[in-house]
Number of protein chains: 2
Amino acid sequence: MARNVEFDEQLAISKAMDVFWKKGYNGASMRDLTEAMGINSSSLYNTIGDKHQLFLKAIKHYTESRMEAAKKQLQQITSPLKAIEKYINASVYTITNEPNSCLAIKTTFEVATGDAEVQKVIKADNEFTYQLLIGLVQKAIEKKEIKVSQDAEMLTDYIINHFTGWHESFIIHQDKTRIKKMAQFLIEQLSQ
Amino acid sequence: MARNVEFDEQLAISKAMDVFWKKGYNGASMRDLTEAMGINSSSLYNTIGDKHQLFLKAIKHYTESRMEAAKKQLQQITSPLKAIEKYINASVYTITNEPNSCLAIKTTFEVATGDAEVQKVIKADNEFTYQLLIGLVQKAIEKKEIKVSQDAEMLTDYIINHFTGWHESFIIHQDKTRIKKMAQFLIEQLSQ
DNA sequence: TAATATTTGAAACAATCATTTCAGAATTTC
DNA sequence: GAAATTCTGAAATGATTGTTTCAAATATTA
């Protein structure tokens, strides 16, 4: 009876994500976005919606692909402490090698405070990382790989908390070594 | 021979700072700004300059007043470790009680990556905190108040690094207790 | 007080913003 | 192949963007 949508919606959202990643929500114009996505604004409004809906889909796309990557990364590691270390080191690598910092963190500080829908996506992303790590932390405590006498909840928060500061540090100093040293110290403290 | 500027420039910049603090650089319009500052845009362009120059003055105003407050706060504390603890606890209080998160951090993630002048201001602010704390950390190591066998530079970085994550955590969860627990754990680790 | 110099306020500026319109192209189903 | 339906592209929408203009108001100095 009728035509189908011509463009690949997931690919288009991924291109939009790149623009938001680089310019931020307020810094990205609809012209920037449609140009990068390779579609006309009428197609965009007909399928995805307005700028805000596009942004929501873009950050969801970002967080969901990160979740998949994280799950894959840790699936066949036997020692929970080693898995935590691997997660920390992978974060350090990403922080010190990707050009654009983290879209979730940028979004948190730019718009999450005043935007409930965005905040929900960010919170879900955070909760995923939290659940992923707390499982490992609990097992590591059970196995006595972590000897610090603290509850797993606080310790998980404590570990996750470092990543944001490392991002900030790398934006300001562009010094990989400083971050690697901090990560090493964190791991030592968990292992001791 | 001629008139003087009618408005109080420092007060006007302070008002502009509040707008940038709440809306971000890209989110704040010149109309938002001049309205809050209580001056006409022609006066603004005649004295302070354009939006970018105004922003630079606003974040300088922010960082300079924080520096003064920090110096005052620590001036008559004898134990260096106690001074570090006080600084950490004061940060926790600010993070969990101010409504707008930290302007310097927001700026870092929104514009510092692509704006050299802004980055310079942010870097200077960071360097001030670093110098303030490293003095205390070195003294604390000398006095054996801190027993962790690590160099003072890394340890200073490590301490400062927590604050950004605490800000992020409070934006997402609005949970004071989580942050207080992390701060307490950090202090314990330094003291042990 | 008069001449001078600068600020101020209101309006206007072109450019860009997000969004909508709609005729024509395209593809599907019968 | 014809009819039906939806998508696409280009243009236009009115609002808002940052910035400038300029006459009138104002304060200064001699």
Side-chain angles (χ1 to χ4, degrees), chain A residues 1-61 106-107 110-111 114-118, chain B residues 1-61 106-107 110-111 114-118:
Chain A
M1 286 172 110
R3 269 176 94 172
N4 294 329
V5 177
E6 205 172 74
F7 66 94
D8 179 342
E9 186 167 324
Q10 277 314 107
L11 185 67
I13 287 171
S14 172
K15 296 283 185 192
M17 180 192 76
D18 290 334
V19 176
F20 283 128
W21 202 345
K22 194 177 283 176
K23 302 199 168 192
Y25 178 71
N26 288 304
S29 74
M30 290 302 284
R31 276 179 179 75
D32 293 334
L33 291 160
T34 50
E35 196 178 325
M37 295 165 85
I39 60 170
N40 192 275
S41 59
S42 75
S43 302
L44 175 58
Y45 278 85
N46 271 338
T47 52
I48 295 168
D50 63 11
K51 188 186 182 185
H52 190 256
Q53 289 174 276
L54 175 60
F55 184 66
L56 285 172
K57 291 190 182 181
I59 59 173
K60 276 178 190 163
H61 180 81
K106 291 178 82 168
T107 299
E110 191 194 349
V111 287
D115 189 323
E117 288 181 287
V118 168
Chain B
M1 281 173 113
R3 263 175 98 172
N4 294 330
V5 177
E6 204 172 73
F7 67 94
D8 179 342
E9 186 166 324
Q10 277 314 106
L11 185 66
I13 288 171
S14 172
K15 296 283 184 191
M17 180 192 77
D18 291 333
V19 176
F20 283 127
W21 203 345
K22 194 176 285 177
K23 302 200 169 191
Y25 179 71
N26 288 306
S29 75
M30 290 302 286
R31 277 169 182 77
D32 292 334
L33 291 161
T34 51
E35 196 177 327
M37 296 164 86
I39 61 171
N40 191 274
S41 59
S42 75
S43 301
L44 176 57
Y45 279 84
N46 271 339
T47 51
I48 294 169
D50 63 11
K51 189 186 182 185
H52 191 255
Q53 289 174 276
L54 175 60
F55 184 67
L56 285 172
K57 292 191 181 181
I59 58 173
K60 277 178 190 163
H61 180 80
K106 292 179 79 167
T107 299
E110 192 195 348
V111 288
D115 188 324
E117 288 181 288
V118 168

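A, B, ... follow the sequence lines: proteins, then strands. Residue 1 opens every chain.
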How many whole angstroms separate atom [atom1] of [X] from atom [atom2] of [N]?
X: A:I48; N: C:dA18; atom1: CD1; atom2: P; value: 15 Å
X: A:M37; N: D:dT8; atom1: CE; atom2: C1'; value: 15 Å
X: A:I39; N: D:dA10; atom1: CD1; atom2: C1'; value: 15 Å
X: A:L44; N: C:dT20; atom1: CG; atom2: P; value: 11 Å

- Item | A:E35 side, atom CD; A:N40 side, atom CG - distance, nearest 0.5 Å | 12.0 Å

- Interatomic distance, B:K57 atom NZ to B:Q10 atom CD [nearest 0.5 angstrom]: 8.5 Å

Identify the pairs formed between an N or O of the protein and an N or O of nucleotides 21-23 of chain C at a distance under 3.5 Å, and give each distance.
none

- Task: Check whether NZ of the Lys or CZ of the Arg B:K51 lies under 6.0 Å from the centre of the six-membered ring of B:Y25 and within 45 degrees of that ring's axis.
- Result: yes

- Shortest non-hydrogen contact from A:K22 to A:K106? O-NZ, 3.9 Å

- Item | Shortest non-hydrogen contact between B:M37 and B:I13, atoms and distance | CE-N, 4.5 Å

- Task: Would you indicate whether the side-chain heavy atoms of B:F20 and B:L54 approach each other to under 4.5 Å?
- Result: yes

- For residues A:V118 and A:F55, determine if any side-chain heavy atom of one lies less than 4.5 Å from a side-chain heavy atom of the other. yes

- Message: Protein within reach of the bases, or only the backbone? For nucleotides 13-18 of chain D, mark each nucleotide 5' to 3' as B, S or -, using heavy atoms under 4.0 Å.
- Response: ----BB

Below 3.5 Å, can you tabulate the donor-acceptor pairs from side chains in residues 26-34 of chain B to any protein atom, sequence neighbours excluded?
from, atom 1, to, atom 2, distance (Å)
B:N26, ND2, B:E110, OE2, 3.1
B:S29, OG, B:R31, N, 3.4
B:S29, OG, B:D32, N, 3.1
B:S29, OG, B:D32, OD2, 3.2
B:D32, OD2, B:K23, NZ, 3.4
B:D32, OD2, B:S29, N, 3.0
B:T34, OG1, B:M30, O, 2.9
B:T34, OG1, B:R31, O, 3.4

